[in-house]
2 protein chains.
Amino acid sequence: MKCIGQSSEEKIKEAARKVFLKKGFDGTTSRDIANEAEMNIALTNYYFRSKEKLFLEIFKDLLNLYFQDTVNIFNKDIPLREKLIESVDHTFEMVRKEPDLVIFIMNEVHKAPERLIPDINFLRQIKNTRLSQQLEEEAKRGNIRPISVENVLPMLCGYIQFIFMGKNIHMKAFEVTEEQFVTYADEHKNIVKDMIINYIFLPK
Amino acid sequence: MKCIGQSSEEKIKEAARKVFLKKGFDGTTSRDIANEAEMNIALTNYYFRSKEKLFLEIFKDLLNLYFQDTVNIFNKDIPLREKLIESVDHTFEMVRKEPDLVIFIMNEVHKAPERLIPDINFLRQIKNTRLSQQLEEEAKRGNIRPISVENVLPMLCGYIQFIFMGKNIHMKAFEVTEEQFVTYADEHKNIVKDMIINYIFLPK
DNA sequence: TAATGTTTTAAATGTTTGTTTAAATTATCT
DNA sequence: AGATAATTTAAACAAACATTTAAAACATTA
């Protein structure tokens, strides 16, 4: 086996990841992927059997990228306040690095949830993280409002993710550049953190 | 002209709207639309010249549905606090009635913003609504934190919209039914309202 | 009723789609 | 070097695609 650089299989997977993220499953053709990878069309099927199989493999990776770190943070052994802030910061970094990821996941799951169920199942761990316990404990102690992890999750992830999903709309509506948008998003991130802490924690 | 029921043109447009909302532009074929409308395939092009033209016409209507009422509320002559609450409530009703609308708009704009620019331009009115003035005035008076309409907009629309965009993911992750989801969404709506008011308005 | 204009139809258009084939090339091993 | 296996290629495949055609069916008006 030639071991200089990437293998053809890796090249195709990386190209497919890039194109799927940008155009979605329906908007992507096998030829798009082959072109991006600079490889012969037949190789897609030689290595992955079908466009669908290749997609599912990539989707699994991307869903993992979308959620795994968040689950890990939720399970960290750190104070609640710190954990909330770290979660928001992580969400921000994640969507900044991979701006197409959230809308991609949302859209594919929205269009055909059934075929992705095996992958989605791993999201169930969210319910049983250390964060859930902390929310219960702190509420019992009267330190925070009683609130479920179901309602905290969108605060920590969704509010930031939404800003980036609507990036193009925002840029057109408010006539700003990409650079200005990032500044705005960062500003909003700080507001979100303040607002969450302000809401969840009760005054002593 | 026969005037019983809908005209063929209306039937096709309504069918196309339904299918585009569900499957997006790339995922929709001319035959899907013709089947949904129970009409001959050729009629799509007879009335609308092309799939693209039909799509653009429908997209315009849907973007209007997505934003017009919000702009109107922003321009209403009512107190700020009331306006914020009404905006959140309206967003909730809008996405509840048309659950596919938000992800559809987000995704189409995300994939090809250029071709939709003429339609998106009308979003610019957001910047110059009565709400913007109110935010400035109330901040000057020391009643609220200084905050721009750019940062209030996602609070009033995005936070609720995100919940519904991730509906399928939520239902799988937390193993709940559609009915339970709506209950959850309603609960979160109230949290959002409390949280926004709590954050924006300063204690006297 | 005959002539005219509009709407609907079945069939065909030429592309593009995902996938396969079989030959050509390259690498691996004895 | 020669045999064997793995990879890559150009070409072809049928199916699905958006769109067009020309004739048929319908409605309208003179």
Side-chain angles (χ1 to χ4, degrees), chain A residues 1-62 104 107-108 111-112 114-116, chain B residues 1-62 104 107-108 111-112 114-116:
Chain A
M1 197 204 294
K2 209 197 307 180
C3 283
I4 322 155
Q6 292 174 296
S7 70
S8 297
E9 192 175 337
E10 282 167 339
K11 264 204 240 174
I12 291 166
K13 205 171 168 184
E14 194 178 301
R17 187 192 132 116
K18 196 170 169 184
V19 184
F20 277 139
L21 267 174
K22 197 57 99 190
K23 304 192 187 185
F25 181 80
D26 291 331
T28 299
T29 71
S30 300
R31 280 161 184 84
D32 287 338
I33 297 170
N35 287 342
E36 179 68 38
E38 292 176 311
M39 311 231 82
N40 189 283
I41 305 194
L43 289 177
T44 314
N45 283 39
Y46 176 73
Y47 284 110
F48 298 95
R49 293 181 51 200
S50 72
K51 180 190 166 191
E52 173 82 9
K53 293 256 170 49
L54 173 54
F55 173 80
L56 290 176
E57 213 168 291
I58 286 166
F59 182 83
K60 201 172 181 166
D61 293 347
L62 290 176
F104 168 82
N107 198 48
E108 297 300 336
K111 271 191 309 191
E114 315 80 26
R115 75 166 173 174
L116 304 171
Chain B
M1 196 206 297
K2 210 196 308 181
C3 282
I4 322 156
Q6 291 174 296
S7 71
S8 297
E9 192 175 335
E10 282 168 339
K11 264 204 240 175
I12 290 166
K13 206 171 167 182
E14 193 178 301
R17 187 192 133 116
K18 197 170 168 183
V19 183
F20 277 139
L21 267 174
K22 196 58 99 190
K23 305 191 185 186
F25 181 80
D26 291 331
T28 300
T29 70
S30 299
R31 279 162 186 83
D32 288 338
I33 296 169
N35 288 342
E36 178 68 38
E38 291 176 313
M39 312 230 82
N40 190 284
I41 303 195
L43 289 177
T44 313
N45 282 39
Y46 176 74
Y47 284 111
F48 298 96
R49 293 180 53 198
S50 73
K51 181 189 164 191
E52 173 83 8
K53 292 254 170 52
L54 174 54
F55 173 79
L56 290 176
E57 213 168 291
I58 286 166
F59 181 84
K60 201 172 182 163
D61 293 348
L62 290 176
F104 168 82
N107 198 48
E108 297 300 336
K111 272 189 310 191
E114 315 78 26
R115 76 165 173 173
L116 304 171

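The figures here come from the full heavy-atom set of this structure, side chains too, leaving out hydrogens, waters and symmetry mates. Sequence lines set the chain letters: A, B, ... in the order given, protein chains first and strands last, and positions in each chain run from 1.
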TODO: Could you identify which residues of residues 14-21 of chain A place a heavy atom less than 4.0 Å from some atom of DNA chain D, listed by residue number, or say none?
DONE: none
Open item on the list: I need the residues from residues 49-61 of chain A with at least one non-hydrogen atom less than 4.0 Å from DNA chain D; give them sorted by number, or say none.
Closed with: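 When residues 49-61 of chain A is checked for heavy atoms under 4.0 Å from DNA chain D, there are no hits whatsoever.
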Task: Gap between atoms CD and P, on Q6(B) and dT8(C) respectively (whole Å) - done: 13 Å
Task: Gap between atoms CD1 and P, on I12(B) and dT7(C) respectively (whole Å) - done: 11 Å
Task: D32(A) vs Y46(B), nearer the 5' end of DNA chain C by closest nucleotide - done: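 So the residue in question is Y46(B).
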Taking all atoms of both residues into account, what is the closest heavy-atom pair of [X] and [Y], and its distance?
{"X": "K111(B)", "Y": "K22(A)", "result": "CG-O, 3.9 Å"}
{"X": "R31(A)", "Y": "I41(A)", "result": "CG-CD1, 3.1 Å"}
{"X": "K53(A)", "Y": "F48(A)", "result": "CB-O, 3.2 Å"}

Under the rule for salt bridge (charged side-chain N to carboxylate O under 4.0 Å, His left out), what residues qualify as partners of [X], not counting sequence neighbours?
{"X": "E57(B)", "value": "K13(B)"}
{"X": "K11(A)", "value": "none"}
{"X": "K23(A)", "value": "D32(A)"}

Task: Side-chain N,O (S8(A)) to OP1/OP2 (dT8(D)) below 4.0 Å - done: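 Checking S8(A) against dT8(D): at least one side-chain N or O falls below 4.0 Å of OP1 or OP2.
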Task: Any side-chain heavy-atom pair of Y47(B) and M39(B) under 4.5 Å - done: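 They are not in contact (no side-chain heavy atoms under 4.5 Å apart), so the answer is no.
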- [ ] Please tell me if the side chains of L21(B) and I58(B) come closer than 4.5 Å, counting only heavy atoms from C-beta onward.
- [x] no
TODO: Look at the rings of F104(A) and F59(A) and say which category their plane angle falls in: under 30° parallel, 30 to 60° tilted, over 60° perpendicular.
DONE: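 Taking F59(A) first and then F104(A), their aromatic rings sit tilted (interplane angle of 30° to 60°).
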Task: N45(B) or Y47(A), whichever maps to the more 5' nucleotide of DNA chain D - done: Y47(A)
- [ ] Look at all strands and tell whether F48(A) reaches a base, only sugar-phosphate, or nothing, counting heavy atoms closer than 4.0 Å.
- [x] nothing
Atom pairs under 3.5 Å: protein N/O with N/O of nucleotides 9-13 of chain D:
from    : atom 1 : to     : atom 2 : distance (Å)
dA10(D) : N7     : N40(A) : ND2    : 3.4

Task: Nearest-0.5 Å distance, CG of residue N45(B) to CG of residue L54(B) - done: 9.0 Å
Open item on the list: When you measure from the centre of the six-membered ring of F55(A), is the NZ or CZ of K60(A) closer than 6.0 Å and no more than 45° off the axis?
Closed with: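 That pair does not qualify as a cation-pi contact.
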